[in-house]
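Working notes, structure below.
The structure presented is a predicted model; accordingly, all values stated were derived computationally and were not measured.
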Amino acid sequence: MAQLSELELLKASRNPLRVIDDLYKEALEGIPLKDEYIGLLKWYGMYPHINKDGLEDKKYFMKRIKLVDARMNLEQLRVMSEIGIKYAKGLVDFTTRQNVQFHYILIKDIPAIFDLLNSVGLTSRMASGDGPRPIMTCPVSGLDNSEIYNVQELLKSVDTYFDKNDDRFCNFPRKFKMGISGCGHHCANHEIQDVAFTAFKDDNGEVLFDLTIGGGLSKSKQIATRAKKYVKAEQILDVSVACAEIFRDNGNRDSRNKARVRHLLNDWGIEKFVDEIEKILGYKLLDGEIEPEISSFEDRNHFGINKQKEVGFSYVGFATNSGRVPGEHFVKFYEICKKYNAGGIALTATQNFVVYDVKDEVVQELANEFEALGYPYKPTAFRARLQSCTGREFCKFGITETKEYAKNIVVELEDRLKDFNEDVAISFSGCTHGCSQPHIADIGLIGCMMRYEGQRVEGYEILLGGNLQGVNSRLSQKIGVKVPSNKVVDYIVSLVDDYKKDSKGTLRFKDYLASIEPLNTGSDEE
């Protein structure tokens, strides 16, 4: 085949199976996979693993599956658990964007995996790549008694529009992340999305959506800016498309480091960005000077047994440990849900999950079985909001190993700080890209190499004091401290002990962390 660009390949083949089949045939013939093909795979949620030398290994891939509404019904859960066991060596991760990642995927197995996904209405198409990513939302939209608005139909209409018009929206300057949520707890984290719509009720009881633009983390992190415009439910699709067109046509294509919505927003200013939206719409949006009341990050959860809107049904929120679920547990998820005739599971923005549509008379038994499996519905402070990226185990950017490391850390913290029950978000990231969101955590740990006792060892740079709460959000700050990986537990325990001895006038541990002043020291990172 002729050498084509990623975009040309994507336009030439809307059906991923056709591209994958070509890859498979060439692999069988012993022909190395072309870099153009490898790059194309990201549009279908696939990235090469790395080998022991830190280089891309074109034998194994990570594969991300797109969950349009963050949910898997029973049949979808059955198929996903089958993929995890049969094709992914039993290694399954839940992501901060409410998707499932499989590891150790072989090219030769892709056709079979696609057949399985298609059989239950799932896809990995546009799970990654430089296009619209899966839209963040509340995992219990339409179910939760406290929600402001059921956004499920809105969410599906926006996703379907982008999917059907992929020729217009498949080649952005970089990825495009959205959030649409009617959650009363604001669990979709609108402050870190490129474009987000957050429901609230005005003084007359009418539901509107507050529009925010230009949020995001990684190296060029910033909190989204309020557009000071309110959007009606029926306008969300039009505004979403307008924002996508603006980014597509005006985003920076010369530098990937400056190719996100936030960089365009910073170049233009929010007033010009809004003017461009309204120009495309052909009408003015409602003025919205006042920000709705927004929940703080520690209150954004759906843990425990909760009554649903439908009488006689409940949902249960459970915690994982760093977002990793062994394949055999994933199978048990299905078996337990089927045993109690539950609707399925939904993923949260904190690498946790919810089991929904559980009959009240069996909900406690279901909760007990998941807890016995290792997934508590009343998690400890350390487990509830622990997040971890893939780390060096599979990612070419990873400096430190994170997943299994973080799982052990939380167990040690639970053992050593049994009486500590304040909310605390802890995030482990294997590199400065911060995919596990250390920049909004109370305690963020970013992997690095450092000198300790004359040796070059793996360590973590410490960031403290992050939080999400609308315009009052704050990014965590480096404090000039790096800790060897084998001393991280001691360091966190010391933070708690210091807080107990002298809280510096703060009432909460998270506020104490935010009050810690950075040390004025040089860097010892290599």
Of D423, D442, D299, the one forming a salt bridge (Lys or Arg N to Asp or Glu O under 4.0 Å) with K510 is D442
Test E335 against every option in K338, K339, K332 by the salt bridge (Lys or Arg N to Asp or Glu O under 4.0 Å) rule and name the one that passes.
K332
Please determine, by modelled atom types, if S296 and N467 share a side-chain donor-acceptor pair under 3.5 angstrom.
yes
Donor on one side chain, acceptor on other, H186 and S295, under 3.5 Å:
yes
Can you check side chain to side chain contact (heavy atoms under 4.5 Å, CB included) on E245 and I280, steps first, answer last?
CA-CA 9 Å; E245 290 178 347; I280 293 172; 3.7 Å; yes
Once rounded to the nearest 0.5 Å, what's the spacing between atom CD1 of I345 and atom CZ of F353?
6.5 Å
Given M178 and F197, is the side chain to side chain contact (heavy atoms under 4.5 Å, CB included) satisfied, shown in steps?
CA-CA 8 Å; M178 293 180 56; F197 304 87; 3.8 Å; yes
Is the backbone N or O of F114 less than 3.5 Å from a side-chain atom of N118, with the two atoms forming a donor-acceptor pair by type?
yes
Check whether the side chains of N150 and S141 place a donor and an acceptor atom closer than 3.5 Å, and report yes or no.
yes
Taking atom types as modelled and ignoring hydrogens, do the side chains of Y87 and E82 form a donor-acceptor contact shorter than 3.5 angstrom?
no
About how many Å separate NZ of K42 and CG of D130, when rounded to the nearest 0.5 Å?
4.5 Å
Quick one: do the R262 and S220 side chains pair a donor with an acceptor below 3.5 Å?
yes
Verify whether one side chain among R226 and T212 offers a donor that lies under 3.5 Å from an acceptor in the other.
no
K258 with D267: basic N within carboxylate O range, under 4.0 Å
no
Fit a plane to each ring of F172 and F247, take the angle between them on a 0 to 90° scale, and name the class: parallel (under 30°), tilted (30 to 60°) or perpendicular (over 60°).
perpendicular
One should read off an interatomic distance between T198 OG1 and Y149 OH, to the nearest 0.5 angstrom, of 14.5 Å
Side chain to side chain donor-acceptor pair (under 3.5 Å) with E298: which of R508, R385, Q469?
R508
Using only atom types and a distance under 3.5 Å, with no angle test, would you say the side chain of R71 pairs donor to acceptor with the backbone of P139?
yes
Donor-acceptor contact present, side-chain D202 to main-chain E206, <3.5 Å:
yes
Between the main-chain N or O of V274 and the side-chain N or O of W268, is there a donor-acceptor pair closer than 3.5 Å?
no
Reported CD1-to-CD1 distance for the pair I65 and I83, which is rounded to 0.5 angstrom
5.5 Å
Is the distance between the ring centroids of Y230 and F200 less than 6.0 Å?
yes
Near-ring test H329/Y375, centroid separation under 6.0 angstrom
yes
Salt bridge between D194 and R260, side-chain N to carboxylate O under 4.0 Å?
yes
Tell me if the centroids of the rings in F370 and F333 come within less than 6.0 Å of each other.
yes
Should we count NZ of K403 as having more than 12 external heavy atoms under 6.0 Å?
yes
Please round to the nearest 0.5 Å and tell me the distance separating atom CD of Q101 and atom OH of Y47.
9.0 Å
Going through the checks in order, is the salt bridge (Lys or Arg N to Asp or Glu O under 4.0 Å) test met by R383 and E371?
CA-CA 13 Å; R383 193 172 298 243; E371 184 158 58; over 6 Å; no
Given K229 and E278, is the salt bridge (Lys or Arg N to Asp or Glu O under 4.0 Å) satisfied, shown in steps?
CA-CA 11 Å; K229 293 288 183 178; E278 294 178 332; 3.4 Å; yes
Is a side-chain N or O of R97 found less than 3.5 angstrom from the main chain of A349, in a donor-acceptor match?
no
Distance check, rounded to the nearest 0.5 Å: I180 atom CD1 versus L154 atom CG?
6.5 Å
